[in-house]
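Atoms considered below: every heavy atom in the structure, side chains included; atoms not considered: hydrogens, waters and symmetry mates.
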Amino acid sequence: MVDTDSGWDGRGGRGSHGTRDTGGTWGMRGAHAAAALPGRRAAAVSLVALAALATGCGPGTATGAPEASPPVRPTQAAAPSPSRTAPVTDDAKPRTAPPPPSPSASTAPPAPAPAPTTARPAPEPSTAPPRVLMRTGSESDRVRELQARLRQIGHFGRNPTGYYGSVTADAVRSFQAKRSLPVTGSTDEVTWQRLLAMTRVPKAAELRPPTERPVAAPDERCLKGRVLCISKNSRTLAWMIDGKVVSAMDVRFGSEYTPTREGVFEVFWKSRDHVSTLYDTPMPYALFFSGGQAVHYSADFAANGYGGASHGCVNVRDKKKVAALFDQVRTGDKVVVYW
């Protein structure tokens with residue numbers, strides 16, 4: 001069935017209502033239209049031009065006409081710039097791009113930078129502590145000299161022994177504190193040099209006195225005759241003849257439960273190899289002066305020092321000295337015990 005509204009006649013052409021078939025061929029009736037084509041084509045071109053002007057579109061290409069190339073728009077050649085610069089900002093100056101590397105820089109290896117020549121800094125002072133020369137536990141002749149020098153300026157209240165104990169350490173601390181030195185109790189190089197500058201070379205009698213502690217000033221009862229002058233305060237015994245000290249030695253006394261009696265006595269008995277019948281202990285070179293109390297050598301005193309006490313006797317530490325004393329003292333010689 002044929003759609004009469006479209007003008008299709010079923011033979012490839014249009015009906016009375018049309019002039020062109022869908023295949024682009026002309027029918028029998030198109031002969032008269034071909035004659036009028038130039039006029040119609042001109043009219044069609046005019047209508048297309050008017051439509052283009054009305055819509056503002058660019059110029060188009062007519063069908064069948066050769067396509068013209070678009071006109072070339074003239075361009076302005078950019079002036080060559082020697083270098084490109086970054087845009088200027090408000091807080092920085094324009095940065096200029098670095099120039100291209102030179103041919104030699106890209107092929108040759110970089111030359112080594114010269115070593116910096118700087119002045120050698122001055123050496124810093126050493127912060128190491130001074131070397132320690134003597135400390136607690138040391139025992140030598142130099143310790144004896146240290147003690148003698150400290151005694152010269154009033155920091156050591158005993159006679160030199162050559163042993164660096166707690167008393168010596170306390171004396172060194174006292175000296176260091178008074179001279180604004182580090183208070184350590186050990187004798188370092190700085191402490192030793194300061195002490196040498198303030199004291200003199202000790203004499204032989206100062207270095208090796210007869211007793212550990214200085215002999216006390218004699219009681220006035222000891223100044224005449226032959227006297228064993230015994231001081232509890234200095235813990236010394238001085239054998240004196242007519243006010244002159246013949247020999248001196250360290251001694252210790254009884255405890256608070258068995259105290260050594262004080263006063264003026266006489267030697268009434270001598271016993272060289274005595275043994276106590278009460279305590280069954282040896283009492284060599286015993287010089288009895290008050291009941292069972294006597295001056296004698298004590299092995300315990302020689303071994304333990306002042307850490308112990310007697311049962312009332314006057315113990316002597318130095319065996320040779322008390323042996324010599326035993327030979328010199330006579331029965332009837334005076335004995336004075338005092339503070």
Practice task
Could you list the residues that satisfy side-chain contact (heavy atoms from CB on, under 4.5 Å) with P282, not counting sequence neighbours?
Solution key: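 side-chain contact (heavy atoms from CB on, under 4.5 Å) list for P282, sorted by chain: P284.
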
If you round to the nearest 0.5 Å, how far is [atom2] of [Y] from [atom1] of [X]?
X: E145; Y: L207; atom1: CD; atom2: CG; value: 7.0 Å
X: T168; Y: R173; atom1: OG1; atom2: CZ; value: 10.5 Å
X: F253; Y: S231; atom1: CZ; atom2: OG; value: 6.5 Å
X: L287; Y: E266; atom1: CG; atom2: CD; value: 13.5 Å
X: H296; Y: M283; atom1: NE2; atom2: CE; value: 4.0 Å
X: Y285; Y: S271; atom1: OH; atom2: OG; value: 11.5 Å

[Y] and [X] side chains, donor-acceptor separation under 3.5 Å:
X: T191; Y: Q176; answer: yes
X: S290; Y: R261; answer: yes
X: N315; Y: R252; answer: yes
X: S138; Y: Y163; answer: no
X: R151; Y: N159; answer: yes
X: R135; Y: S186; answer: no

Under 4.5 Å between any side-chain heavy atoms of [X] and [Y], yes or no?
X: L195; Y: H155; result: no
X: S247; Y: K321; result: no
X: P209; Y: P160; result: yes

Problem - Single-linkage hydrophobic cluster W269~V314, side-chain heavy atoms < 4.5 angstrom - result: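 Not linked; separate clusters.
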
Practice task
Answer yes if F289 and V246 sit in the same cluster of Ile, Leu, Val, Met, Phe, Trp and Tyr residues linked by side chain heavy atoms under 4.5 Å apart, and no otherwise.
Solution key: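 Shared cluster, yes.
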
Practice task
Please say whether the positively charged group of R235, taken as NZ for Lys or CZ for Arg, lies over the ring of Y306, i.e. under 6.0 angstrom from the six-membered ring centre and within 45 degrees of the axis.
Solution key: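 Flagged: R235 positioned over aromatic ring of Y306.
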
Exercise for the section: With K232 as the cation and Y338 as the aromatic partner, state whether NZ or CZ is under 6.0 Å from the six-membered ring centre and within 45° of the axis. Expected result: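 Not satisfied by the 6.0 Å and 45° rule.
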
Which heavy atom in [X] sits nearest to a heavy atom in [Y], and how many Å separate them?
X: V172; Y: Y164; value: CG2-OH, 3.3 Å
X: A171; Y: L150; value: CB-CD1, 4.0 Å
X: A302; Y: Y297; value: CB-OH, 3.7 Å
X: A169; Y: T136; value: CB-OG1, 3.9 Å
X: E189; Y: L133; value: CG-CD2, 3.9 Å
X: V267; Y: V329; value: CG2-CG1, 4.0 Å

salt_bridge([X], [Y]) N-O dist < 4.0 Å:
X: R200; Y: E206; answer: yes
X: D327; Y: R272; answer: yes
X: R194; Y: D188; answer: no

Does [X] reach the main-chain N or O of [Y] with its side chain, forming a donor-acceptor pair under 3.5 Å?
X: T260; Y: G312; value: yes
X: Q147; Y: T161; value: yes
X: S310; Y: G254; value: yes

Return a table of donor-acceptor pairs under 3.5 angstrom between the side chains of residues 219-230 and protein atoms on other chains or two or more places apart.
residue	atom	partner	partner atom	Å
D219	OD1	R221	N	2.8
D219	OD1	R221	NE	2.8
D219	OD2	R221	NH2	3.4
R226	NE	D333	OD1	3.2
R226	NE	D333	OD2	3.3
R226	NH2	Q328	O	2.8
R226	NH2	D333	OD2	3.4

Exercise for the section: For the residue pair F288 and F268, categorise the inter-ring angle as parallel (less than 30°), tilted (30 to 60°) or perpendicular (more than 60°). Expected result: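 Plane angle between 30° and 60°, so tilted.
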
Handout entry: Heavy-atom neighbours of D280 CG exceed 12 at 6.0 Å
Key =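 Counting other residues, nucleotides and ligands, CG of D280 stays at 12 neighbours or fewer.
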
Exercise for the section: Verify the neighbour count for atom CZ of R330: are there more than 12 heavy atoms of other residues, nucleotides or ligands below 6.0 Å? Expected result: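 No - once you tally the heavy atoms of other residues, nucleotides and ligands closer than 6.0 Å, there are 12 at most.
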
